[in-house]
Amino acid sequence: MHHDPTVRPSKAAAVPWCQDPVGLAEADRQAGFTPRVPDALGAPEAVSVAVGPEGRSVVSLCWREDGRTVRLDEFPARLDIGFAKQARLMPQWLMLGDDGTGTGTPKSTGLWFSEPHRLRFMMTDAHGDDWVQAERTAGPTLLWTTADAVTTLRLEGVASVRRAEEIAESAL
């Protein structure tokens, strides 16, 4: 991870709405993986599928909450711990969920970026191939991998870290 305190991304970090919406079943068919729908948000108002780096699919789910767009991007890969980011402040590590063993072990961990930033992260697909996802300037964002290490999720549009944790834990 590369921390750069001099980075000053644009404050205009509006969360984009899902373009060219399709149904969840169609998103599953087009993307080749089943999108996770967080119980804390309920059924999405819109779902879209885009082609990411090297033809990989990215599924986006969108909701409106308190007059804001909440967007969850899903990638069929696990987050590579060697990813790089550009942010003025270091992200906050979050422990997500409880694995049920009674040891206090989390199901997953996440990174909370509290202010607008540019993010570039490396992921590894099921075949062991690495690829990079580069994002536009984004506002507060939670980035995590599901407990089964199959899907990386990126939640944007939620200003509160507690609300972001609640949403993430309901999608593990």
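Here the CD atom belonging to Glu74 is positioned 12.0 Å from the OG atom belonging to Ser57, to the nearest 0.5 angstrom. Atoms NZ and OG1, from Lys107 and Thr145 in turn, are 15.0 Å apart once rounded to the nearest 0.5 Å.
Side chain of Arg154 to main chain of Asp73: no donor-acceptor pair is present (N/O by atom type, distance under 3.5 Å, no hydrogens or angles). Here the side chain of Ser170 pairs no donor or acceptor atom with the backbone of Ala168 at under 3.5 angstrom. A donor-acceptor pair under 3.5 Å links the side-chain atoms of Thr146 to the main chain of Thr151, judged by distance alone.
Scanning for side chain to side chain donor-acceptor pair (under 3.5 Å) contacts around Thr103 gives Thr101, Thr105, with sequence neighbours left out. Legend: residues meeting side-chain contact (heavy atoms from CB on, under 4.5 Å) with Glu166, ordered by chain and number and at least two apart, are Ala40, Arg163. For Glu165, the salt bridge (Lys or Arg N to Asp or Glu O under 4.0 Å) test picks out Arg162, with sequence neighbours left out. Under the salt bridge (Lys or Arg N to Asp or Glu O under 4.0 Å) criterion, Arg64 pairs with no residue, sequence neighbours left out.
Looking at Arg71 and Ser60, their side chains do bring a donor and an acceptor atom within 3.5 Å of each other.
Residue pairs meeting the side-chain hydrogen bond (donor to acceptor under 3.5 Å, both in side chains) criterion with at least one member in residues 33-49, sequence neighbours excluded, are Asp28-Thr34, Arg36-Asp148.
Annotation for Val47: hydrophobic cluster partners, listed by chain and number, are Val22, Leu24, Phe33, Val37, Leu41, Val49, Val59, Leu61, Trp63, Val70, Leu72, Leu94, Leu96, Trp112, Leu142, Trp144, Leu153, Leu155, Val158, Val161, Ile167, Leu172 (ILVMFWY side-chain heavy atoms under 4.5 Å, direct or chained).
The two residues Pro106 and Thr109 have their closest heavy-atom pair at CG-CG2, 4.5 Å. Counting all heavy atoms, side chain and backbone alike, Cys18 lies closest to Ala46 at SG-O, 3.7 Å.
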